[in-house]
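First the structure, in the form of structure tokens, and then the observations on it.
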Amino acid sequence: MIIDLRLRIGYWAIGLLGYLFIGLFLPSAYAQTMSNNNYIIKMQELNPTADINVDNKPTADNLNPSIPEETSFKVRMGIKNSVASHPFSILLTSNIIDFGILSPTNPIIRTVDLNTNSEAVYGYSVIVFENESLTASSSAKRAFIPDTTCDNGECSTENASEWTNTLTYGFGYRCDNITGVDCNDSFAKTNFYKHFPNIANNDDPQSIMAGVGSKDKTTRISYKINIPGTQAQGTYNNITTYIGVPNF
Amino acid sequence: MKINNLKLKILYLTICLLGYLSIAQTTNAIPLNLAIDPPIATIKAIPPAIITVPLNIQNKGDAQVSLQIQLKPFKAKGENGELEYTRKMLGVFGSTQILDAGVPIESVTINPKQQKKLNLSINISQDTIISDYYFSIIFTSTDSSLAKFNSSMNNIGIAANILLSVGPKETPKTTLEEFSSNIFFEKGPIPFTIRVKNADAHFIEPKGEITIKNMFGQFIGKLSLTNVNILSDSIRAIPNDTYMQELKLKNNLGGKTKNPYDFKHPIALWKENFLLGLYTATLNISMSDEGPIFTRTIHFFAFPIQTLIIIVIIIITAIAVINRLKLYE
């Protein structure tokens with residue numbers, strides 16, 4: 001308890017000085033800017049000493065903040081009202097599929113996982129194609145493993161069908177859902193395969209997976225090869241390309 | 001032949017080891033991971049204009065990638081916003097460039113976990129044909145080295161779509177092709193099909209909503225339609241956010257839900273489970289800021305037959321039991 005008058009005055013003086021000291025360093029309120037991918041909202045500078053003017057309303061510019069507005073064009077980037085935290089992306093877990101040693105009538109299946117993040121768009125698809133059939137690069141006759149037509153001879157770049165017979169030869173693929181349901185419906189049945197569109201044959205790239213824009217979709221792509229006993233010896237290679245395409 | 005001399009043995013083993021190392025191929029499988037931002041850009045321009053749009057391409061993988069840059073024209077495939085590439089070349093390609101620090105490039109190399117900030121530059125000259133131009137900028141990895149073992153080399157690519165509209169704003173020529181639903185429902189949710197045809201030279205971004213009234217004239221539901229782009233000379237089905245959420249839920253559950261909705265056929269969904277009586281749904285849709293505005297009304301009837309049958313059975317059973325008890329008294 002403070003009884004002495006001088007002590008009391010001293011206490012009040014220190015308190016007042018402390019208050020003034022803190023008050024001097026209080027942050028001032030200035031212009032505020034809030035933005036997202038689609039909008040930028042600019043607040044007019046607040047002056048606490050001025051009278052409040054009812055015309056000082058916030059303004060909203062419906063333009064991307066990074067694009068300067070020109071009189072002759074207008075750009076909007078991304079989709080309206082998007083709250084996506086990640087950009088559109090595609091991941092393939094391996095850049096190479098090693099088939100190992102091929103032996104006749106002994107089918108080889110190898111897999112790679114394909115993942116997409118399409119939260120930033122309403123929908124997407126992944127298209128795929130091969131540069132050519134699996135071709136023996138060292139062979140003088142350019143021996144190749146043809147693209148499969150499956151057991152009934154009817155599977156193609158667009159239609160899948162069953163391939164279980166070890167006497168059915170060729171190179172094909174199928175798609176299985178890991179997360180999501182975006183594999184093409186034609187792969188709904190097990191052991192149903194297609195073959196890759198061949199750019200060398202002027203085939204059009206085909207959609208291997210497609211769906212609504214979402215965070216994490218993963219599919220497993222299985223490559224299958226089966227060769228006959230008459231297949232020329234050699235090292236067979238080709239290049240397969242996957243492209244993630246957002247919807248418009 | 002037996003080698004007794006130790007020095008000869010070591011030399012022999014060294015030669016064998018070197019031979020093995022020179023022949024053996026190592027398979028260094030690496031993941032490929034690309035991201036792009038923005039995935040879509042819409043541009044409305046009046047000639048002449050020099051347009052610049054920033055593009056960020058990111059290598060999220062653990063190895064350096066070299067990417068080839070291509071421009072590919074596309075058109076609508078189906079009515080859900082999917083696209084398909086065409087082989088025709090667009091007139092604006094001659095004046096379109098991808099710039100890296102102001103320098104035109106056709107390929108780009110990006111280090112692991114790095115991103116490259118590029119610019120799309122389009123020079124719209126005064127004599128550019130008034131039309132729309134739809135194309136993707138595709139970044140594709142270019143590893144074409146063939147392994148010395150049986151293999152398929154995988155390349156990866158990612159696209160950003162550009163919708164470029166050249167010409168002044170006018171009232172677009174559009175038609176509301178369909179606004180429909182079933183006539184009778186036992187219960188919700190109620191699906192509405194909205195299909196808009198754009199016969200104009202430019203893409204449109206319609207804004208619309210469906211309001212639902214019950215038989216007493218009370219407003220009981222409002223569905224805001226998703227803002228989508230409808231390309232010139234195409235039809236698009238317009239969904240709402242509820243439909244999108246249902247599809248995402250279906251995805252998360254691995255397709256193990258009862259909802260029959262699919263990505264190929266967008267609809268607007270009204271999630272109201274208990275429905276009884278006559279309902280009126282009115283669509284108001286504005287095809288652009290300049291119009292036209294279409295209004296169309298449909299009616300549907302809802303009656304929970306299954307629930308009613310169960311209630312009737314319960315009532316009949318209760319009456320029967322009461323009567324039987326009265327007989328015993």
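By convention in this document, chain letters (A, B, ...) are assigned in the order of the sequence lines, proteins followed by strands, and residues within each chain are numbered from 1. Values below: all heavy atoms of this structure, side chains included; hydrogens, waters and symmetry mates excluded.
Contact tally against chain B (heavy-atom pairs below 4.5 Å) for Lys217(A), Glu130(A), Arg110(A): the top residue is Lys217(A). Between chain B and the residues Asn117(A), Ile145(A), Ile239(A), the largest count of heavy-atom pairs under 4.5 Å involves Ile239(A). Most heavy-atom pairs under 4.5 Å with chain B: of the set Gly211(A), Gly100(A), Gly123(A), this distinction falls to Gly211(A). The candidate from Ser152(B), Ala63(B), Ser141(B) with the greatest count of non-hydrogen atom pairs under 4.5 Å with chain A is Ser152(B). Of the residues considered (Asp262(B), Ile43(B), Val166(B)), Ile43(B) shows the highest number of contacts with chain A, using heavy-atom pairs under 4.5 Å.
At a 4.5 Å heavy-atom cutoff, the contact between Thr42(B) and chain A is made by backbone and side-chain atoms alike. Both the backbone and the side chain of Asn202(A) come within contact range of chain B, with heavy atoms under 4.5 Å apart. Within the 4.5 angstrom heavy-atom criterion, only side-chain atoms of Leu134(A), from C-beta onward, approach chain B. Using a 4.5 Å cut-off between heavy atoms, Asn95(A) touches chain B through backbone and side chain atoms alike. Proximity to chain A (any heavy atom under 4.5 Å) is shown, for Pro47(B), by neither the backbone nor the side chain. Of the atoms belonging to Tyr85(B), it is side-chain heavy atoms, and not backbone ones, that fall under 4.5 Å from chain A. Only the side chain of Ser207(A) comes within less than 4.5 Å of a heavy atom in chain B; its backbone stays farther off. Interface residue Ile127(A): only side-chain heavy atoms are found under 4.5 Å from chain B. The contact between Leu163(B) and chain A is made entirely by side chain atoms (from C-beta outward), counting heavy-atom distances below 4.5 Å. With a 4.5 Å cut-off on non-hydrogen atoms, Ile138(B) touches chain A through its side chain but not through its backbone. In this structure, chain B has no heavy atom under 4.5 Å from any part of Lys215(A).
Taking 4.5 Å as the heavy-atom cut-off, the residues of residues 71-84 of chain B that approach chain A are Phe74(B), Ala76(B), Lys77(B), Asn80(B), Gly81(B), Glu82(B), Leu83(B), ordered by number.
Closest non-hydrogen pair, Gly157(B) versus Ile90(A), comes out as O-CG2, 3.6 Å. The shortest non-hydrogen separation linking Pro38(B) to Gly78(A) is CB-N, 3.8 Å.
Asn161(B) contributes a side-chain N or O that, together with a main-chain N or O of Pro246(A), makes up a donor-acceptor pair within less than 3.5 Å. A distance-only check finds no donor-acceptor pair linking the side chain of Asn33(B) to the backbone of Leu92(A) [under 3.5 Å]. A donor-acceptor pair under 3.5 Å is formed between the side chain of Asn237(A) and the backbone N or O of Ala147(B).
Separation of atoms CZ (Phe248(A)) and CG (Asn229(B)) is listed at 8.0 Å; rounding is to 0.5 Å. Leu102(A) contributes atom CG, which lies 4.0 Å from atom CG of Asn150(B) (distance to the nearest 0.5 angstrom). In this structure, the separation between CD1 on Ile36(B) and OG on Ser89(A) is 11.0 Å, given to the nearest 0.5 Å. Atoms CZ and OH, from Phe263(B) and Tyr124(A) in turn, are 8.5 Å apart once rounded to the nearest 0.5 Å. How far CG of Leu114(A) is from CD1 of Ile156(B): 7.0 Å, rounded to the nearest 0.5 Å. Between the CG atom of Asn155(B) and the OH atom of Tyr242(A) there is a distance of 11.0 Å, given to the nearest 0.5 Å.
The one candidate from Val112(A), Thr93(A), Ile221(A) that meets the side chain to side chain contact (heavy atoms under 4.5 Å, CB included) condition with Asn154(B) is Val112(A).
Asp204(A) CG: more than 12 foreign heavy atoms inside a 6.0 Å radius. The number of heavy-atom neighbours closer than 6.0 Å to CG of Leu167(A), taken from other residues, nucleotides and ligands shown, is above 12.
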CA sep, side-chain torsions, deciding dist, call: Ser151(B), Asp98(A), side chain to side chain donor-acceptor pair (under 3.5 Å): CA-CA 5 Å; Ser151(B) 66; Asp98(A) 181 356; over 6 Å; no
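Contact annotation: the side chain of Val212(A) approaches that of Lys248(B) to within less than 4.5 Å [non-hydrogen atoms, C-beta and beyond]. Between Phe149(B) and Ile96(A) there is a side-chain heavy-atom pair separated by less than 4.5 Å. Using a 4.5 Å heavy-atom cutoff, the side chains of Val53(B) and Met77(A) are in contact.
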